[in-house]
Every structure is written in structure tokens, then in C-alpha cells.
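Residues take their numbers from the sequence shown, with the count starting at 1. Order of appearance sets the numbers: ligands from 1, and atoms from 1 within every ligand.
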Amino acid sequence: MAIQSIGIVGAGQMGNGIAHVCALAGYDVVLSDVSQDALNAATALIDKNLERQVGREKIDAAEKDAAMGRIRTTLKLADVGPTDLIIEAATERETVKQAIFEDLLPHLKPNTILTSNTSSISITRLASRTDRPEKFMGFHFMNPVPVMQLVELIRGIATDEETFQACKSVVDALGKTAATAEDFPAFIVNRILMPMINEAVYTLYEGVGNVTSIDMAMKLGTNHPMGPLELADFIGLDTCLAIMNVLHDGLADTKYRPCPLLTKYVEAGWLGRKTQRGFYDYRGEEPVPTR
Ligand code: NAD
């Protein structure tokens, strides 16, 4: 099952990065979103990030132009249907993802593999709502996609071996490394990472430390390249909250309860870097802690 074309649904932080690496690896890419602004921003960002790679002599100008030439953007979800592999990277909300897969079904080729970049939602449950649970799996990139080496591949209960191998060969072609995970809430990386971020927010909420001291303590005390609050801003606080809710609901354990302060930031629309404000304010030259 050789993959030549890849459809990506959602052109946000993750979708643009996924389009970037897939086009650079030689796949024909169809990138869709419900927002023309998101598509325009994604195209501009991919161009800028490829240009940076040219500047660092990681790729040459011809490779950049070829990659840009392989990306087609569209507002029509149906245009994504006739690709060999679809990677859904829309907002982390199960109803949104279910509606996307339902709307895609009439437009798919019989062999199209469906995947989701979800950070936490059950692959088995998403798959069960489609006509091809055996051709459905989790394809979980890390942020920022062009930089991060890992892709988690998550098998649903029905995923067949051929689908797994086809997805694994795409990960290899992207020059990335696959880690396989079972389909339990938040898989491996976020099962471990998000409770740590949530605990950092509790540490802030309870006044144990402020934004600066918490991030500095974790950077210098545990050799993490970023502090947990800085990382939360980078991921998106809405995504962090959504993952904590999935862990809390899916594992029914109070140790996963989302910190009320995290909820408050999301209610304020302070979602981190993507909205210019989160645990830090990014509107000036330098990020300034908001607490
Ligand atoms: P984002 O908010 O930056 O982008 C989501 C995009 O989806 C937006 O452009 C939005 O317009 C679009 N969208 C919403 N509904 C849509 C629909 N019906 N059809 C098409 N497009 C639609 O979010 P993101 O950070 O890119 O996250 C996307 C997915 O990737 C989520 O499932 C998230 O859990 C996952 N993920 C995120 C990270 C991260 O660090 N941010 C890492 C790994 C995986």
C-alpha cells in the first residue's frame, strides 16, 4: 500500500508543520481548514520555515520551491477525500473530529487510510464511527513538527497490520522515529507530560512559586530545555485542558483533575503563544510572566 498523497485536515499549529514535512519528503499534500485565514497563515508560515531551512543550508532553494509546489490548500473537506492517507489535525474536540470523519466518508477512496493527530482521544472510538476501523489509526506528531523526531503510532483495537506498516513507512520517509503506543487515554507522551504541566499550574495556583521560579526550577533542576509553563503556552492551554479532561474522564481518577487556574486561563482566551498571551505575555519584545 504505497502512499503518494496525503490529506491534512486542520491547518493550525500542527497541520502546517505536518504539511511542511510531508511536502518536503515528496508527498503531494492537500491541506484543508474551515478558515481561509488559517490556510493563508499556514502557507505563509510553511514558506517562512522552509526559507529558514534554506538559510541553514539544510535544504536548497529548489527543494523549498518543490515542496511549496506540492501543497494545495482548500476550504472543501471533500478535496481531501481522494488522497492515500488522511491525517486529521483539527481542534482537539471529539465532536469536531467525529463530524470531520463522517463528512469525509462519501469522498474517500476504498483504500484511503484515516488517521488522527489527536493527543488524547480514543482512536478506537473515532474509528468505530467510520466505515473502515481496520484502516484507522493514531498518527501523533510532536510540536514543532519540523523539529521533533518522535511520532507516536497508536493502533485502535481493529487496526490491521497493513495499515500500521503503511503508516510506519511514512514515518520512516519523513526521517522521523515511530514509538508504538496502545490506545489508552493520552497514549504515552501526554499521559506523562500533561499531569506534570497540570501540577506546575497547581504549584502556581497554590502560590508555591511564581511563573518565573517554577519554570527556572524545572529547567535548572531537572535539565528540561523548557519550563512546564513555557511548554504549556507553546502547546496551547486549550489543548492541555482538553487532554487533562480526557485523562480525568477516561481513567476516572481524581489525580487527573484539571487545575482551576488552567481552566480560568482558557476561559479568558489566554491560550498561550497562539493568542499571544498565556502564562507569559508575548506581545512585547520579550515574554513577560502574567503571574
Ligand atoms: P490549532 O488550534 O492550532 O489548529 C486547529 C485548526 O483546526 C484550526 O486552524 C481550525 O480552524 C481547524 N478546524 C477546526 N474545525 C475544523 C473542521 N471542522 N475542519 C477543518 N479544520 C478545522 O490546534 P493544534 O495545536 O494544531 O492541534 C490540532 C490537533 O493536533 C489536536 O488534535 C491536538 O490535540 C493535536 N496535537 C497538538 C499538539 C500541540 O502541541 N499543539 C501536539 C500534538 C498533537
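The closest protein non-hydrogen atom to atom 23 (O) of ligand 1 is Lys274 NZ, 4.2 Å. Atom 15 (N) of ligand 1 has Val96 CG1, 3.7 Å as its closest protein atom, hydrogens excluded (heavy atom only). For atom 14 (C) of ligand 1, the closest non-hydrogen atom on the protein side is Thr91 OG1, 3.2 Å. Atom 32 (O) of ligand 1 has its closest protein heavy atom at Glu92 OE1, 2.5 Å. Atom 4 (O) of ligand 1 has Gly12 CA, 3.2 Å as its closest protein atom, hydrogens excluded (heavy atom only). Atom 16 (C) of ligand 1 has its closest protein heavy atom at Val34 CG2, 3.8 Å.
Polar contact with ligand 1: absent for Ala38 (N/O pair, distance under 3.5 Å). For a threshold of 3.5 Å applied to N or O pairs, the pair formed by Ser32 and ligand 1 contains no separation below that value. Note: an N/O pair closer than 3.5 Å links Ser119 and ligand 1 by distance alone. Checking only distances, Gln13 does come within under 3.5 Å of ligand 1, N or O to N or O. At least one N or O atom of Ala90, backbone or side chain, sits closer than 3.5 Å to an N or O atom of ligand 1. Below 3.5 Å of separation, one finds no N or O of Ser35 facing any N or O of ligand 1.
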Quick one, Ile6 with Val170, criterion side chain to side chain contact (heavy atoms under 4.5 Å, CB included). Give me CA distance, side-chain angles, the key distance, then yes/no. CA-CA 10 Å; Ile6 299 183; Val170 173; 4.1 Å; yes

Please test Met142 against His140 for side chain to side chain contact (heavy atoms under 4.5 Å, CB included), starting from the C-alpha separation and ending with a verdict. CA-CA 7 Å; Met142 308 294 128; His140 183 220; 3.4 Å; yes

When you look at Glu230 and Lys219, which way does the side chain to side chain contact (heavy atoms under 4.5 Å, CB included) test go after all the steps? CA-CA 10 Å; Glu230 197 185 351; Lys219 272 196 286 197; 3.7 Å; yes

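Shown here for Leu85 and Cys167, the closest heavy-atom pair between the two residues is CD1-SG, 4.3 Å. Among all heavy-atom pairs drawn from Leu50 and Ala67, the shortest one is CD1-CB, 4.1 Å. The two residues Val211 and Arg291 make their nearest non-hydrogen contact at CG2-O, 3.4 Å.
Under a 4.0 Å criterion applied to the non-hydrogen atoms of Lys97, ligand 1 contributes the atoms 31 (C), 32 (O). Close contacts of ligand 1 with His140, meaning ligand atoms under 4.0 Å from a residue heavy atom, involve 43 (C), 44 (C). Near Thr118, with a cut-off below 4.0 Å to any heavy atom, the atoms of ligand 1 are 32 (O). Close approach of ligand 1 to Thr239 is summarised as follows: ligand atoms under 4.0 Å from at least one heavy atom of the residue are 34 (O). Within ligand 1, the atoms closer than 4.0 Å to a non-hydrogen atom of Phe141 are 42 (C), 43 (C), 44 (C), numbered from 1 in the order shown. The atoms of ligand 1 that sit less than 4.0 Å from any heavy atom of Gly10 are 7 (O), 21 (N).
The closest donor-acceptor contact from the side chain of Asn16 to the backbone of Gln13 lies under 3.5 Å. Proximity of a side-chain donor or acceptor of Asn198 to a complementary backbone N or O of Cys259 within less than 3.5 Å is detected.
Of the candidates Asp37, Asn143, Ile8, Asn143 brings a heavy atom nearest to atom 40 (O) of ligand 1. The option from Ala89, Gly17, Gly236 that lies nearest to atom 28 (C) of ligand 1, judged by heavy atoms, is Ala89. Considering Glu94, Met14, Arg93 only, the shortest heavy-atom separation from atom 27 (O) of ligand 1 involves Met14. For atom 41 (N) of ligand 1, the nearest non-hydrogen atom from the set Ile235, Val246, Leu193, Leu104 belongs to Ile235.
Of the heavy atoms in Asp33, both backbone and side-chain atoms come closer than 4.0 Å to ligand 1. For Asn117, heavy-atom contacts with ligand 1 shorter than 4.0 Å involve the backbone as well as the side chain. If you look at Leu77 next to ligand 1, there are no close heavy atoms at all, none under 4.0 Å.
Atom CD of Glu182 is surrounded by 12 or fewer heavy atoms from other residues, nucleotides or ligands within 6.0 Å. More than 12 heavy atoms of other shown residues, nucleotides or ligands fall within 6.0 angstrom of atom NZ in Lys109.
A search for ring-ring contact (aromatic ring centres under 6.0 Å, His included) contacts involving Tyr280 returns nothing, not counting sequence neighbours.
The pair Arg277-Asp233 does not count as a salt bridge, with every side-chain nitrogen at least 4.0 angstrom from each carboxylate oxygen. With salt bridges taken as basic N to acidic carboxylate O contacts below 4.0 Å, one links Glu161 and Arg155.
Hydrophobic clustering, with ILVMFWY side chains joined whenever heavy atoms are under 4.5 angstrom apart, keeps Ile157 apart from Ile154.
The shortest separation from a heavy atom of Glu88 to ligand 1 is not under 4.0 Å, leaving the residue out of contact.
Here the options are Asn117, Thr118, Asn245, the test is side chain to side chain donor-acceptor pair (under 3.5 Å), and the partner is Glu92; only Thr118 passes.
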